[in-house]
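Each chain gets a letter, A, B and so on, in the order its sequence line appears, and its residues count up from 1.
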4 protein chains.
Amino acid sequence: MNTENFGSSERLVTAAYVRQGAQGRRGHELLLRALLEQGKCPEDGWDESTIELFLHELAIMDSNNFLGNCGVGEREGRVASGLVARRHYSFQPFLFRLIHGIGRSGDISAVQPKAAGSSLLNKLTNSVVLDIIKQAGVRTVTNCFVVPMATGMSLTLCFLTLRHKRPKAKYIIWPRIDQKSCFKSMITAGFEPVVIENVLEGDELRTDIEAVEAKIKTLGAENILCVHSTTSCFAPRVPDRLEELAIICANYDIPHIVNNAYGVQSSKCMHLIQQGARVGRIDAFVQSLDKNFMVPVGGAIIAGFSESFIQEISKMYPGRASASPSLDVLITLLSLGASGYKQLLKERKEMFSYLSSELKKLADIHNERLLDTPHNPISLAMSLKNLDENNDAAVTQLGSMLFTRQVSGARVVPRGSVQTVNNYTFKGFMSHTNDYPCAYLNAASAIGIKKQDVDIFLKRLDKCLKASRKGKEKSVNEICTSNTGTEQLEDQKIQT
Amino acid sequence: MNTENFGSSERLVTAAYVRQGAQGRRGHELLLRALLEQGKCPEDGWDESTIELFLHELAIMDSNNFLGNCGVGEREGRVASGLVARRHYSFQPFLFRLIHGIGRSGDISAVQPKAAGSSLLNKLTNSVVLDIIKQAGVRTVTNCFVVPMATGMSLTLCFLTLRHKRPKAKYIIWPRIDQKSCFKSMITAGFEPVVIENVLEGDELRTDIEAVEAKIKTLGAENILCVHSTTSCFAPRVPDRLEELAIICANYDIPHIVNNAYGVQSSKCMHLIQQGARVGRIDAFVQSLDKNFMVPVGGAIIAGFSESFIQEISKMYPGRASASPSLDVLITLLSLGASGYKQLLKERKEMFSYLSSELKKLADIHNERLLDTPHNPISLAMSLKNLDENNDAAVTQLGSMLFTRQVSGARVVPRGSVQTVNNYTFKGFMSHTNDYPCAYLNAASAIGIKKQDVDIFLKRLDKCLKASRKGKEKSVNEICTSNTGTEQLEDQKIQT
Amino acid sequence: MNTENFGSSERLVTAAYVRQGAQGRRGHELLLRALLEQGKCPEDGWDESTIELFLHELAIMDSNNFLGNCGVGEREGRVASGLVARRHYSFQPFLFRLIHGIGRSGDISAVQPKAAGSSLLNKLTNSVVLDIIKQAGVRTVTNCFVVPMATGMSLTLCFLTLRHKRPKAKYIIWPRIDQKSCFKSMITAGFEPVVIENVLEGDELRTDIEAVEAKIKTLGAENILCVHSTTSCFAPRVPDRLEELAIICANYDIPHIVNNAYGVQSSKCMHLIQQGARVGRIDAFVQSLDKNFMVPVGGAIIAGFSESFIQEISKMYPGRASASPSLDVLITLLSLGASGYKQLLKERKEMFSYLSSELKKLADIHNERLLDTPHNPISLAMSLKNLDENNDAAVTQLGSMLFTRQVSGARVVPRGSVQTVNNYTFKGFMSHTNDYPCAYLNAASAIGIKKQDVDIFLKRLDKCLKASRKGKEKSVNEICTSNTGTEQLEDQKIQT
Amino acid sequence: MNTENFGSSERLVTAAYVRQGAQGRRGHELLLRALLEQGKCPEDGWDESTIELFLHELAIMDSNNFLGNCGVGEREGRVASGLVARRHYSFQPFLFRLIHGIGRSGDISAVQPKAAGSSLLNKLTNSVVLDIIKQAGVRTVTNCFVVPMATGMSLTLCFLTLRHKRPKAKYIIWPRIDQKSCFKSMITAGFEPVVIENVLEGDELRTDIEAVEAKIKTLGAENILCVHSTTSCFAPRVPDRLEELAIICANYDIPHIVNNAYGVQSSKCMHLIQQGARVGRIDAFVQSLDKNFMVPVGGAIIAGFSESFIQEISKMYPGRASASPSLDVLITLLSLGASGYKQLLKERKEMFSYLSSELKKLADIHNERLLDTPHNPISLAMSLKNLDENNDAAVTQLGSMLFTRQVSGARVVPRGSVQTVNNYTFKGFMSHTNDYPCAYLNAASAIGIKKQDVDIFLKRLDKCLKASRKGKEKSVNEICTSNTGTEQLEDQKIQT
């Protein structure tokens with residue numbers, strides 16, 4: 001309420017109490033002011049009442065919420081369903097709130113005349129996210145924006161932008177990572193991926209720097225759109241050697257795009273990017289919103305070190321875009337605060353150590369090995385040698401057993417799987433190499449994981465491994481049925 | 001946002017757009033000001049965004065929402081469950097919103113130092129409700145308050161207040177109405193109801209004014225706490241003769257409390273109260289919130305013509321009370337506006353005519369009669385002579401059949417039912433008289449009823465009457481099962 | 001979804017995934033079953049998705065949510081405002097959810113034919129609350145119900161019920177406690193409170209058992225409605241000597257009603273009630289919902305040891321009542337679980353020790369004393385001798401200073417305050433005795449309090465005491481203004 | 001609740017009532033079954049309680065909502081902020097609901113093992129949307145999918161897919177439409193737009209069919225990726241001659257992509273597509289979700305006549321995508337039903353006639369002309385000759401005046417504006433031609449428009465035109481200030 005309305009309230013309620021109330025309101029306004037002036041993630045998270053107030057204020061700045069507005073355009077931010085309206089902080093069918101999305105036809109980062117609130121939201125989100133990327137380790141980043149597309153599609157957008165700068169280029173140099181959307185991001189953009197096989201160092205699969213350089217020489221730098229490297233990945237693959245790749249890119253004047261999908265959560269991945277940019281060349285790095293910031297699937301951040309290049313990418317998006325991912329990540333960061341986010345990163349790291357040591361113990365018991373992959377800060381792999389030797393199907397069946405027992409995210413990788421993606425054939429698909437020495441199982445410590453996730457996982461894995469070995473496992477369906485009773489209750493005990 | 005924050009926003013978003021946004025906000029503030037200054041129900045309903053903004057502003061005026069608050073009392077408005085918090089416009093467990101309820105230990109209408117917002121809410125609700133009661137027909141009402149209790153318990157509170165003014169009184173004069181909580185309201189307050197049987201005039205059951213006066217003479221005015229009359233009731237009973245009762249009360253200096261349970265929705269009931277107060281004595285009239293204002297069950301309004309007497313009642317409530325009913329009715333009235341509420345009343349009246357004429361037609365077809373009860377503006381009764389004569393249980397069974405077919409609110413009244421309530425025995429219970437000439441069925445046109453309610457009701461009633469007469473009805477369970485198929489879909493057709 | 005619909009889904013989505021989904025659903029159903037069969041508070045709290053599912057299922061059992069329902073009654077659970085509807089788990093104006101409230105005209109605990117879901121809600125709430133009261137220490141309690149009224153009004157309802165059993169009684173014996181609604185609860189019910197002054201033992205004010213017995217003899221047991229005792233209260237008063245009072249009540253055959261307002265949170269208060277009932281007579285004990293279960297203001301629990309007596313009270317409530325408090329406390333207990341609730345009690349106790357030791361230190365510094373009140377498990381008192389001696393108004397001013405600095409719940413008690421409530425004059429009002437030896441300040445450790453509440457409180461109290469002593473405090477308004485700047489930020493630091 | 005739990009409930013609540021409740025539930029299940037089995041938009045809209053129930057059921061089928069789930073993957077659907085969780089039907093931080101988005105790395109239409117519910121949602125949405133496209137006029141459409149990207153980016157995806165089928169192609173034939181994102185969609189995909197200027201027929205700007213064919217001959221069909229035509233557009237441009245274009249495409253074997261941005265709402269636009277596909281070739285047509293279905297900005301539908309081609313496009317999206325637009329459109333269509341949606345289309349058409357006749361009257365008064373554009377079913381244009389002749393800046397200023405007076409969507413188009421987009425220079429930008437004979441103003445009748453929008457618009461336009469002519473308009477700021485008072489209230493009157 002404005003000053004006049006507080007004044008009017010004093011006729012109804014004791015003036016001293018109203019003044020106290022007005023002062024209470026002022027506390028929230030002070031927080032808003034700090035955000036608007038500094039554009040940084042507040043160190044301490046806001047409570048939800050402040051966030052709600054803030055969103056409310058933004059929403060009523062959009063023209064569709066003006067009481068006297070009349071609309072005669074082709075897109076007037078009307079909403080037919082009350083349920084949809086409420087999902088977007090908008091309560092009245094045919095008269096509502098943050099509906100306008102972000103950007104204009106020309107530029108996803110542009111300000112909209114109809115929607116001052118949505119525009120402010122967009123600007124602040126990009127500003128707050130930039131601040132967090134800096135705090136997470138890439139201190140010299142200069143610009144970034146949130147785009148409501150998957151990481152893969154966002155990489156495609158980067159490649160499409162580079163096309164205009166390198167009209168002759170046909171190839172993208174790509175150290176192999178067995179994840180379909182990485183591969184597709186290049187195909188969709190209309191380029192030919194040049195796959196660089198990884199080299200085995202101990203248990204780890206690492207970038208073959210010499211092969212990269214050799215390939216560049218063979219193809220000719222001007223025919224190469226960019227090097228497309230990866231940080232976060234499943235063990236036993238480890239993050240690419242970004243420093244060396246960045247130096248090569250600088251030397252040959254080739255752009256360098258980094259797929260940092262879920263790397264913001266790891267200081268190691270962020271450090272690699274910072275170092276790469278310091279000693280060589282990185283043009284843009286792309287990260288998923290949901291994997292790093294615990295929001296629903298659907299958005300990515302494109303960031304870089306050249307303000308103009310990042311702006312060029314943002315101008316390539318034709319049309320206005322969903323504000324939903326921006327809104328989600330802004331709310332999340334405001335509610336966590338920088339300190340809350342860093343606390344989550346710290347806990348993830350601790351949980352990684354815990355998962356690592358416990359998985360090692362379990363591996364020992366079952367006569368398997370926790371693969372030695374010190375360069376991978378997020379994902380672990382445990383060998384499945386015994387299973388693999390006894391029975392071809394046993395490895396796959398272990399996956400089904402874990403799925404049926406409601407373990408999600410654990411991934412079994414059998415040997416010798418072959419997969420064709422857009423006419424390219426990958427041998428040993430899923431293992432990032434043609435013939436990894438053993439089958440294995442992956443588990444990761446991602447942001448938000450809790451000790452009980454690890455404990456239940458290990459318990460269930462232990463059971464499944466025993467069942468597999470004893471050949472007692474008859475069929476997945478049987479387990480499915482037998483599982484619901486005591487086992488479920490037993491597991492719930494652990495959770496509490 | 002305050003002026004400073006709009007200023008800061010101009011650094012991020014084009015100033016002209018921000019100013020447009022600020023102007024948009026001002027539109028909402030203007031509406032708030034009108035409410036705060038006039039305390040009346042706005043003529044036109046507010047849209048939900050204005051209502052939400054208003055509630056938000058009230059909530060942050062309560063001390064539990066101050067960012068820097070610390071609480072060391074025994075009641076600090078903390079909330080443990082997020083779901084509960086959200087139900088009450090409060091989102092953060094342990095840090096929240098409109099939680100304080102209304103009133104203080106001494107007085108349910110008092111202002112709370114900890115809760116300026118909740119206090120304002122309370123004051124405004126009572127003020128807006130008063131305005132609506134005036135507009136609904138009781139123009140000279142001077143004071144009212146919302147109390148979070150049933151109509152019956154609210155009547156009890158009125159009687160308890162009167163006790164202190166009439167210490168010798170033991171009796172309450174009560175023209176019979178067969179509704180348990182009316183009767184219990186007197187018992188609970190510790191008084192002895194003196195039942196005045198109704199007289200049959202044509203089909204109508206009306207107040208026996210002479211019997212009332214005779215009883216007063218017999219018992220002695222000083223021994224009588226009050227006359228307790230009723231407006232809204234099931235046909236063939238009709239509203240009490242309020243004018244005559246009010247004159248008697250004035251003449252004998254006896255208080256007069258009116259149970260106006262669902263009478264606000266009828267201009268006739270309200271007119272009776274207005275006339276009664278004009279020509280005689282009415283001390284308080286009590287009405288239900290849910291039945292008149294389409295809010296959830298749980299609140300009532302106690303209103304009257306003497307400011308000091310209504311205040312005395314409000315001071316009798318020991319303790320702080322739930323703000324939930326106040327909040328519900330305020331939101332409802334703000335969203336409807338006075339014009340919207342009056343529109344609902346108009347539609348109800350039209351639907352009453354429609355129900356009346358259609359029910360008459362159906363009665364004719366089935367050789368029954370729509371009872372002639374012109375003084376009852378809400379409820380209708382149709383005779384069930386044929387059913388009653390053929391078979392004792394048939395009338396009751398008709399009720400079950402309607403229930404199973406998802407007709408709610410229709411009520412069958414067999415003859416000769418006897419019921420004992422708190423040691424008092426009522427003959428012909430439910431029919432407001434010892435021996436009404438026939439069994440009958442009630443249907444009402446209450447606020448919010450729609451044409452499709454009437455149409456489906458008549459269709460189902462027609463079917464049930466046919467089935468009853470043909471004796472085809474075998475058992476309730478069978479119908480229940482057979483009903484779900486085509487019939488349900490058929491009926492849904494009508495609804496759309 | 002039912003089995004058929006899961007089957008239909010398999011045509012659209014891989015059958016194995018759908019089965020997994022169906023199994024997931026079953027996990028929630030298992031929890032519901034346990035609740036329905038045992039009627040106890042689950043040991044471990046449910047997550048919100050289970051609670052929401054449960055409420056959803058209850059809501060669609062109410063007739064107003066039947067798709068084919070037609071309503072022709074006078075109360076059909078219609079809702080005019082979408083915002084109100086959503087507040088009550090109901091989304092569609094004119095067609096909705098848990099709106100019916102609880103009980104029927106005759107009995108607040110009765111089942112409603114129109115509302116199977118609301119009825120189930122009511123039964124389960126009372127059952128779960130009963131379980132928690134047992135676990136909190138009153139193991140032999142046999143019956144209880146939630147009533148949507150303040151503690152005071154609930155006490156009134158108990159007294160009104162007793163009236164029917166003891167028609168001659170006029171007096172209520174009441175060991176003095178200076179809280180208005182306790183006193184009013186007796187006045188409202190129409191009885192004359194007989195105030196028994198407390199005796200000073202050390203710093204504590206305790207029940208004068210001899211005076212109680214003497215008074216009973218003087219007045220005659222048959223003229224006494226009941227003894228009305230209190231557990232939870234502000235120091236230096238301590239809980240009444242329930243055992244002795246209960247024995248007297250048993251000996252003289254006088255009912256005994258205990259005001260246990262915020263005593264559920266303290267094992268000591270609950271133990272007193274358990275002991276009283278074991279060795280003597282307690283008819284009912286009444287507790288607040290908001291103060292013990294962290295829900296919004298508006299409900300109370302009436303509990304006792306005789307099933308029939310508690311039922312009698314529930315039958316005294318005339319009319320249907322708001323389901324809101326029942327819904328709030330059920331959600332809260334389901335989400336906390338018994339273990340979560342007990343954890344909150346444990347933390348409260350620890351925080352009491354902390355507050356106690358820290359306040360003692362502060363008192364020493366300021367040359368004051370923490371009063372020695374070992375029998376009070378919730379509230380503490382610190383003397384304000386120095387303030388009192390220097391300046392009459394200084395004590396009151398300290399209260400204003402704390403209020404302005406957003407300390408809520410701390411209460412200063414000057415000497416010699418006189419107050420008249422309903423024609424009774426209390427000397428030394430607020431201090432539970434005519435002339436306590438010194439002025440003092442109260443602070444309590446209530447459920448949900450956090451360490452930061454204590455820390456900020458002590459810091460601000462320290463400042464205020466210093467300011468008071470130095471006479472530097474000029475006017476409350478000045479502080480109010482000067483306070484908003486650095487101080488507020490400083491304090492917020494502590495909070496994080 | 002399942003059968004067992006209904007059974008258990010009968011122990012607590014009368015069995016007949018519980019059975020009634022179970023039957024009520026069954027009514028909702030029947031609607032779900034019809035949807036799952038037929039995959040069509042229900043003829044009559046569902047009420048919100050059914051929709052909520054349905055979403056609830058979908059959500060608990062996703063693995064993140066399994067009570068016993070443990071997650072050790074890199075993406076586990078965790079959510080950090082409660083506010084974000086609630087926005088997505090998910091209430092518990094770290095344990096929640098529809099978070100998984102849609103599709104898998106390989107294919108945006110693929111089923112996810114972790115998320116049976118989200119997968120089902122995705123399948124059903126595409127199926128229901130397909131049904132509506134058929135009902136809206138394109139009866140022979142065979143396949144479609146919702147993609148969470150702007151219309152422009154979706155067109156880009158179509159072009160990128162075509163690239164793989166036509167590796168030699170460099171050009172896209174594009175009848176000029178002055179909307180930036182249409183143009184950018186081709187640039188971003190890496191193609192060279194070949195602009196075909198429109199021809200003036202009366203007041204209308206129409207496709208130059210001969211120029212299109214001539215250009216194809218010049219460039220060579222194999223060098224042309226596709227023809228990119230447009231239906232919905234601002235008057236005086238009218239929808240492209242789709243039939244003729246489609247025949248040319250068929251003859252020369254060139255793909256044809258139609259930008260049908262907001263054309264679903266117009267039977268004329270849909271008819272053009274249907275006819276084009278019947279007589280010639282249309283490969284895909286793309287439409288905006290927000291502009292046609294009244295949901296927030298952020299999604300589009302890609303539809304076509306060849307199932308395999310549409311699948312190919314869906315497989316080009318690299319990565320998992322936001323489910324938010326799918327969820328919004330599904331909720332909207334379920335709540336409207338087919339009949340509700342068609343009613344909206346009917347109202348839009350009527351409002352178009354009304355706007356047309358009223359604008360004509362206003363034009364006459366101001367000595368201007370409503371341009372004669374009978375082929376444009378949505379947008380209208382009124383000449384601004386007088387303004388243009390008097391003063392260069394007057395046309396632009398009229399736009400500012402309308403903006404300040406809260407008219408949104410009205411667009412003024414001055415003559416001679418020049419704009420460069422991605423190195424291409426457009427003369428007469430905004431008017432779809434190099435030199436349109438006059439300046440003009442656009443207004444549209446889009447879905448959801450109401451009579452009051454039209455009335456207020458005309459009233460304000462009238463005022464602005466008068467002010468402009470009299471040269472009274474001093475500065476935008478002045479108006480801004482003077483406007484807030486009486487004028488705002490006056491306009492609000494009209495609205496009610």
Worksheet, complete the sentence: Shortest non-hydrogen pair, D:L12 vs C:K123, comes out as O-CE, 3.6 Å
Discussion item. Suppose we screen for ring-ring contact (aromatic ring centres under 6.0 Å, His included). Which residues come up paired with D:Y341, at least two apart in sequence or across chains?
Written reply: D:F293
Fill in: Residues of residues 32-41 of chain C near chain D, each having a heavy atom less than 4.5 Å away
C:L32, C:R33, C:L36, C:E37
Practice prompt. Might you point out which heavy atoms bring D:E29 and C:N5 nearest each other, and give the distance in Å?
Written response: OE1-ND2, 2.6 Å
Response to the item:
The salt bridge (Lys or Arg N to Asp or Glu O under 4.0 Å) partners of C:E10 (sequence neighbours excluded) come to none
Worksheet item: Which bit of C:R25 comes within less than 4.5 Å of chain D, counting heavy atoms only: side chain, backbone, both or neither?
Response: both
Worksheet item: Using a cut-off of under 4.5 Å for heavy-atom pairs, which of C:V18, C:L124, C:T3, C:N2 has the most such pairs with chain D?
Response: C:N2
Practice prompt. Applying salt bridge (Lys or Arg N to Asp or Glu O under 4.0 Å), name anything that partners C:E43, two or more places apart in sequence or on another chain.
Written response: none
Worksheet item: Do you know which two heavy atoms are closest between C:I60 and D:H28, and how far apart they sit?
Response: CG2-NE2, 4.0 Å
Discussion item. To the closest 0.5 Å, what do you measure between CD (D:Q23) and CE (C:M61)?
Written reply: 12.0 Å
